[in-house]
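Keep in mind it's a predicted model, so treat the numbers as computed, not measured. Values below: every heavy atom of this structure, side chains too, minus hydrogens, waters and symmetry copies. Below, read A as the first sequence line, B as the second, and so on, with proteins coming before strands; counting in each chain starts at 1.
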2 protein chains.
Amino acid sequence: MDDILFTEEFKTNPDKYVLPSVAINNVIFGFDDNKVKVLLLRTAYAELWTLPGGFVLKEDELITAAERLLKLFTGLDSVYLKHFGVFGAVNRAEKERELFLNDQRQDNQLNYNFFLQRFVVLGYLALVQYKQVSPLSDDVRQCEWFDLESVPELTFDHNLIIETAFRELRFQLNYLPIGFNLLPEEFPLKSLQKIYETILGKKLDRGNFNRKILSYGILEKKEKYFSGAANKAPFMYSFNKEQYFNALENGLGAF
Amino acid sequence: MDDILFTEEFKTNPDKYVLPSVAINNVIFGFDDNKVKVLLLRTAYAELWTLPGGFVLKEDELITAAERLLKLFTGLDSVYLKHFGVFGAVNRAEKERELFLNDQRQDNQLNYNFFLQRFVVLGYLALVQYKQVSPLSDDVRQCEWFDLESVPELTFDHNLIIETAFRELRFQLNYLPIGFNLLPEEFPLKSLQKIYETILGKKLDRGNFNRKILSYGILEKKEKYFSGAANKAPFMYSFNKEQYFNALENGLGAF
DNA sequence: ACAAAAGTGTTTTCGATACACCCATGA
DNA sequence: TCATGGGTGTATCGAAAACACTTTTGT
């Protein structure tokens, strides 16, 4: 169903398949090596990297469309996914319009005709477990993780979209299942602390963080983890899913 | 420009004028008589009240379209206006589809054809000063204020849209220019307190509220206001605009 | 004098912060 | 035994909450 996207039939007659002038882009956040990561996409048709995205099929709910796309690019379903903004500036395809004028390849004309339309982009924010993702890779599309701090210049207004998504992430920090969705099943408290620190952009006190996060009663203590390093082995924890989502309703205390 | 909306030309050929399948609805909040108010609209073509809204002209920025509509319905510009959600459920016109089947009036067919399409609605939230609004009233459309608690059944999914907007209002309370946009130029502290109380749905302590709100340094003390009532006359206050918006950047302390 | 509402002060409690100290681990 | 990082305790500070007392106003 998604493979129709790159056919001539679709691009000459898109309104038969999808809602006209509406597009979706997913900002997919992961966490690895103490860094926030974003999943980006490159196609054979464009020089610049771009946000993974697509369109809303006639019979799709909006969230279903976003989920379908997330699955396509990461292999995952049932992760945290949420609308966070719309992007429909009149001039958001400016960059692409210039590229079009310079592009000599005739076989790209159809692409330009289609993508230079004005779209209203619905931004969806996803939180995923880095290790579980299988980035899409086929003959025309490759997905790859980027550090949030070193995202290159992207197509359209996608840099702005990522900035907006990250601001939303920071703003809603205490209402989002940050840890649950970004971390593996079991993890040491330090990992969770690192996530909060990188999203907030500041250091937190270890002792205070541990006491506070444990006081919510959303974590279950597991076995110690012996890493082989010359230091005390940390306890591992996992989320008590039910209590976690209960607590999130009212937001965790401010960090 | 907005008057084309109700012409046959527009409804048979809308794609010439507006972005297809995209609509805008404004949830316009006011405050009067210690109650949160919402501005609703009724047209000659429908039984149910509805949210004021419209479409995005080809040359409109999204926010410009929302501003244009707000101006149309209230007479105001440059008030607080912000996107807060999208609504595009496949079945969101269910109710209208049934009405269509029961509607005998032939001259309404064009309306149904147009409005029964699937739209992706961009929700915009506005905060306005109740007294400054001149609700639109012409031969086909009347706007009227409703208490938030007694909003009737509305067209489409508009009840859901209002609920979502109000939840957003509560959630972002400390980051929104609540008082500045909802209150007149000068006001007693009690009015501001009432706004917070009704939005939060709980009583606040008068003393604590006054001390806290004054501690932010965003209010300027004005003359006393003698209402004629048999009690102490309260001081009036007005916002120091610059300091207010500065303080909002980081959010006011939690209420 | 009294009722009603504004304005101000006080006490208590709780959580945030900073920091110190001890413990476990492998080299 | 040392370095490293985990775990825990404690003192301090400030904000939040509860509530009492005083002041102003018109009847």
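- One atom, CG of B:Leu214, and another, C1' of C:dG9, lie 15 Å apart when rounded to the nearest Å.
- Between D:dT23, D:dT4, D:dG7, one nucleotide has an atom nearer to the side chain of A:Lys232 than all others, and that is D:dG7.
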Within the sub-3.5 Å range, which N or O atoms of nucleotides 15-20 of chain D have a protein N or O partner, and how far apart are they?
residue, atom, partner, partner atom, Å
D:dA17, N7, B:Asn208, OD1, 3.4
D:dA17, N7, B:Asn208, ND2, 3.4
D:dA18, N7, B:Asn208, ND2, 3.1
D:dA18, N6, B:Asn208, OD1, 3.2
D:dC19, N4, B:Asp205, OD2, 3.4

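- The distance between the ring centers of B:Phe235 and B:Tyr225 does not fall below 6.0 angstrom.
- Note: CG (B:Asn231) to P (D:dT27) measures 11 Å, nearest angstrom.
- Rounded to an integer number of Å, the gap from A:Leu204 CG to C:dA16 P is 12 Å.
- Regarding contacts with the backbone of C:dA6, a side-chain N or O of B:Lys190 is found under 4.0 angstrom from either OP1 or OP2.
- Across the protein-nucleic acid pair, A:Gln193 atom CD and C:dT17 atom P stand 13 Å apart, rounded to whole Å.
- The aromatic rings of B:Phe239 and B:Phe180 sit perpendicular to each other, their planes meeting at more than 60°, with 30° as the lower class boundary.
- Protein atom OH of A:Tyr196 is 13 Å distant from nucleotide atom P of C:dA16, rounded to whole Å.
- Both the sub-6.0 Å distance and the 45° axial angle are not jointly satisfied by B:Lys37 relative to the ring of B:Phe29.
- For the pair B:Leu189 CG and D:dT24 C1', the interatomic distance rounds to 16 Å; values are reported in whole Å.
- Cation-pi geometry between B:Lys212 and B:Phe255 is met: the NZ or CZ atom falls under 6.0 Å from the ring centre, inside 45° of the normal.
- With rounding to the nearest 0.5 Å, the separation of CZ in B:Phe84 from CD1 in B:Ile161 is 6.5 Å.
- Between B:Tyr225 atom OH and D:dT24 atom C1' there is a gap of 16 Å when expressed in whole angstrom units.
- A:Phe209 has its CZ atom 13 Å from the P atom of C:dT17, to the nearest Å.
- Separating the CG atom in A:Leu169 from the CG atom in A:Leu200 is a distance of 9.5 Å, to the nearest 0.5 Å.
- For A:Phe235, taking side-chain heavy atoms from C-beta onward, the closest of the listed nucleotides D:dG7, C:dA6, D:dT25 is D:dG7.
- Between the CZ atom in B:Arg167 and the CD atom in B:Glu163 there is a gap of 6.5 Å [rounded to 0.5 Å].
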